[in-house]
Protein chains: 2
Amino acid sequence: MRRGYCHRHGQAYGPCSCSLGRMTRLVEPLILSLLARGEARYGYEILERANAESLTDSPIDAAVVYRTLHVLEQAGCVTSTWQPGAGAPQRRMYEITPEGRQHLQDWVTVLERHAKALQSFVTRSPGGGGE
Amino acid sequence: MRRGYCHRHGQAYGPCSCSLGRMTRLVEPLILSLLARGEARYGYEILERANAESLTDSPIDAAVVYRTLHVLEQAGCVTSTWQPGAGAPQRRMYEITPEGRQHLQDWVTVLERHAKALQSFVTRSPGGGGE
DNA sequence: CGTGCTATATGTAGTACGCATATAGCAACG
DNA sequence: CGTTGCTATATGCGTACTACATATAGCACG
């Protein structure tokens, strides 16, 4: 958004949350939430669901998903097991741990507060919903 | 939030938006909004107001404010003039330009959409407002 | 005079981002 | 049979950004 519009999605796209940067941070709570809700169980599926939910304007980087899964596993938030692929590549299946649920809870607290702060900011700002 | 709580604000702080990272990106719309609303006119004042509004849990870095002001000026979003300090250090006074207002408008559009997406996400997630 | 506040600005080590690339099994197509 | 494409996971790497530290300077206060 340096010159108004997105450098990644081209001129015609309009204001784009790419400019928010580090949306990849949201991949962490997104993964935990999908696992907690049972809507996805392995990396590739998470990637697809996450892109469908699209908290961000830009597609989520697969590399970020896989790396985040490793980080979450090292932190004890998820566990994984290999599942042999029957007529498909192997999948690394993930499950969320109690620690992971707590971590997600913390994220939700933070994001809820943040969403309200953002909403309040745009309401206050010229051109926002406030006037 | 790597181990549950904020590494910057200590153990007792609780879930903290520090973990969101790159909140500094929000400094740009924050500056533009404060200038547009006439609530601040120079770096130090912006810093104080921005910390008072606190879109984030962590105090805003002065370095980020000054650097962002320079970037915004180079992008034509603001203009600045030195004002001699009467009994105080000199101040570099800023004004927002029409381009800056447009840029702010784009930011507001993005942030409004993003705030709604976040709100929807926390509502969907376990522990969020949805159940 | 030394500490602290206002005020602006720069330096820098480390890290995260985002894109490119690697690997691999299987299917379908011509 | 070869090649393209999809599912699936994983790593490499140059650049940009973050976050903190530091520099400068005028003035006030005790």
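Per chain, numbering begins at 1; letters A, B, ... match sequence-line order. Quick caveat, the model's predicted, so the values are computed rather than measured.
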| task | Can you check each nucleotide of nucleotides 6-14 of chain D against protein heavy atoms at under 4.0 Å and return B for base, S for sugar-phosphate only, - for none, in 5' to 3' order? | result | -BBBBBBB-

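Checked against salt bridge (charged side-chain N to carboxylate O under 4.0 Å, His left out), R37(A) has the following partners two or more places apart in sequence or in another chain: E39(A), E53(A). Partners of S120(A) under the side chain to side chain donor-acceptor pair (under 3.5 Å) rule, at least two apart in sequence or in another chain, are R124(A). Listed by chain and number, the residues in a side chain to side chain donor-acceptor pair (under 3.5 Å) with Y42(A) are R91(A) (sequence neighbours excluded). Taking E45(B) as the reference, nothing meets the side chain to side chain donor-acceptor pair (under 3.5 Å) condition, with sequence neighbours excluded.
Residue pairs satisfying the side-chain hydrogen bond (donor to acceptor under 3.5 Å, both in side chains) criterion with at least one member in residues 61-77 of chain A, sequence neighbours excluded, are listed as follows: E73(A)-S80(A).
Rounded to whole Å, the distance from CD1 on I60(B) to C1' on dA19(D) is 14 Å. The distance between atom CZ of R25(A) and atom C1' of dA19(D), rounded to the nearest whole Å, is 13 Å.
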